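These numbers were taken from a predicted model, which means no experiment stands behind them.
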Amino acid sequence: MDTALAQLAHRRRTLPEHAEIARLRDSRTHLASDLVGADTSVSDLEREQRQAEHDLDPVRARLDRNQRRVADGSVGDPRALSSLIEEIDHLKRRIDTLEDAELEVMQQLETASEDREKLRREAAELDTQLAILSAKRDQQLRELEVEMSDRQVVREGIVPLLPKPLITLYDKIAATHAGVGAAELRARRCTGCQLELNSADLRGFAAAAADEVLRCEECGRILVRTPESGL
């Protein structure tokens, strides 16, 4: 029972889903950081676009006002009119420059938004994978817990059938051997430490009484004799 319990505990600790979930969570953490950067980039570019539009509005308004003054003939002085026409040309160049800058920002914003959407899709996909894996892992853990509980009930039914001094010795040994204090002696080999016993020990074990407690000289576990022990 204790060997089975130890194996179940090992399976519980080493489920493949544990490592895969850890890997995906690590990827999700890095992706979350990338998303923060992507959100910041989009926000900055949106602000730049608003500022570019804000810068253009007064220039366009001034150009429109000056063009109306030229068109309606309200400026009669030739020098003032010439100066106004020069300013109109300057404003047009200024608008072209500002519009080019705004267009570049808009293109950058479009690219940044696409990159952010891609990261969001990747994050959603990782979240889905994590949810599926976590559910699978949790189901396996529940099944293992049930099996371990059943084994523990059987173990508790066995303990009262054995002498208390033997149980005390067993538990003391088990504390330093992964919870299992006994091992089968099979083909002259201790299945606990996997070492073959020497001839002298084997002769002594072969001559020992059936109820004598035998110990492995190498690992100290209690040895359980069976017809396959090779004695």
Please tell me if the side chains of Arg215 and Leu223 come closer than 4.5 Å, counting only heavy atoms from C-beta onward.
no
Is there a donor in the side chain of Glu102 and an acceptor in the side chain of Gln49, or the other way round, less than 3.5 Å apart?
no
d(Gln7 CD, Glu147 CD) to nearest 0.5 Å is 10.0 Å
When rounded to the nearest 0.5 Å, the distance separating CG of Leu98 from CG of Leu103 is 12.5 Å
Give the C-alpha distance, both sets of side-chain angles, the deciding distance and a yes or no for side chain to side chain contact (heavy atoms under 4.5 Å, CB included) between Glu104 and Glu99.
CA-CA 9 Å; Glu104 182 178 353; Glu99 286 180 341; over 6 Å; no
CZ/Arg137: more than 12 non-hydrogen atoms of other groups inside 6.0 Å
yes
May I ask you to say whether Arg155 pairs ionically with Asp171, meaning some side-chain N is under 4.0 Å from a carboxylate O?
yes
Would Arg142 and Glu145 satisfy salt bridge (charged side-chain N to carboxylate O under 4.0 Å, His left out), going step by step from the backbone distance to the final call?
CA-CA 5 Å; Arg142 285 191 293 270; Glu145 286 296 333; over 6 Å; no
For the pair Arg116 (side chain) and Leu35 (backbone), establish whether a donor and an acceptor sit closer than 3.5 Å, ignoring hydrogens and angles.
no
Under 3.5 Å, sequence neighbours excluded: what are the donor-acceptor pairs made by side chains of residues 83-95?
unit_1: Glu87; atom_1: OE2; unit_2: Arg62; atom_2: NE; d: 2.3
unit_1: Glu87; atom_1: OE2; unit_2: Arg62; atom_2: NH2; d: 2.7

Backbone N or O of Glu228 within a donor-acceptor pair of the Arg186 side chain at under 3.5 Å?
no
For Ser134 and Leu130, indicate whether the former's side chain and the latter's backbone hold a donor-acceptor pair under 3.5 Å.
yes
Is the shortest side-chain heavy-atom distance between Val213 and Tyr170 below 4.5 Å?
no
Ionic contact status for Asp39 with Arg120, cut-off 4.0 Å
yes
Without placing hydrogens or testing angles, list every side-chain donor-acceptor pair under 3.5 Å for residues 191-205, not counting sequence neighbours.
unit_1: Thr191; atom_1: OG1; unit_2: Glu184; atom_2: N; d: 3.0
unit_1: Thr191; atom_1: OG1; unit_2: Glu184; atom_2: O; d: 2.8
unit_1: Gln194; atom_1: NE2; unit_2: Thr191; atom_2: O; d: 2.6
unit_1: Asn198; atom_1: OD1; unit_2: Ala200; atom_2: N; d: 3.2
unit_1: Asn198; atom_1: OD1; unit_2: Asp201; atom_2: N; d: 2.7
unit_1: Asn198; atom_1: ND2; unit_2: Asp201; atom_2: OD2; d: 3.1

For the residue pair Ala183 and Cys190, what are the closest heavy atoms and their distance?
CB-SG, 4.0 Å
Are the side chains of Arg50 and Glu46 in contact, using a 4.5 Å heavy-atom criterion?
yes
Counting only heavy atoms from other residues, nucleotides and ligands, does the tally under 6.0 Å from CZ of Arg188 exceed 12?
no
Answer whether the closest heavy-atom distance between the side chains of Arg11 and Leu141 falls below 4.5 Å.
no
Does atom CZ of Arg79 have more than 12 heavy-atom neighbours, drawn from other residues, nucleotides or ligands, at distances under 6.0 Å?
no
When rounded to the nearest 0.5 Å, the distance separating NE2 of His10 from CG of Leu15 is 10.0 Å
SB check Asp26 Arg23 (cutoff 4.0 Å)
no
Main chain of Arg225, side chain of Ser229: is a donor-acceptor contact present, judged purely on distance under 3.5 Å?
no
Inter-residue atom distance Asp127.CG - Ile132.CD1, 0.5 Å rounding
11.0 Å
Report yes or no: do Met1 and Ile167 belong to one cluster of Ile/Leu/Val/Met/Phe/Trp/Tyr joined by side chain heavy-atom distances under 4.5 Å?
yes
Linking I/L/V/M/F/W/Y whenever any side-chain heavy atoms sit under 4.5 Å apart, do Leu24 and Leu31 land together?
yes
Flag side-chain contact, heavy atom, 4.5 Å: Leu45 against Glu48
yes
Please identify each residue that fulfils side chain to side chain contact (heavy atoms under 4.5 Å, CB included) with Glu143, with sequence neighbours left out.
Gln139
Would a single hydrophobic cluster contain both Val70 and Val59, if residues Ile, Leu, Val, Met, Phe, Trp and Tyr are joined by side-chain heavy-atom contacts under 4.5 Å?
yes
Indicate if Val224 and Val159 have the same hydrophobic cluster label, given that clusters are the connected sets of ILVMFWY residues with side-chain heavy-atom separations under 4.5 angstrom.
no
Nearest atoms (heavy-atom pairs only) where Pro160 meets Glu156:
CD-O, 3.0 Å
Between CD1 of Ile21 and CZ of Arg28, what distance do you get to the nearest 0.5 Å?
15.0 Å
Cluster check Val180, Leu169: I/L/V/M/F/W/Y, side chain < 4.5 angstrom:
yes
Side chains of Ile222 and Leu166, heavy atoms from C-beta outward: is any pair under 4.5 Å?
yes
Any side-chain to backbone donor/acceptor pair from His177 onto Ile173? Under 3.5 Å, distance only.
yes
Out of curiosity, Arg151 CZ to Thr3 OG1, how far, rounded to the nearest 0.5 Å?
10.0 Å
Do Ser149 and Val146 have side chains that approach each other closer than 4.5 Å (heavy atoms only, starting at C-beta)?
no
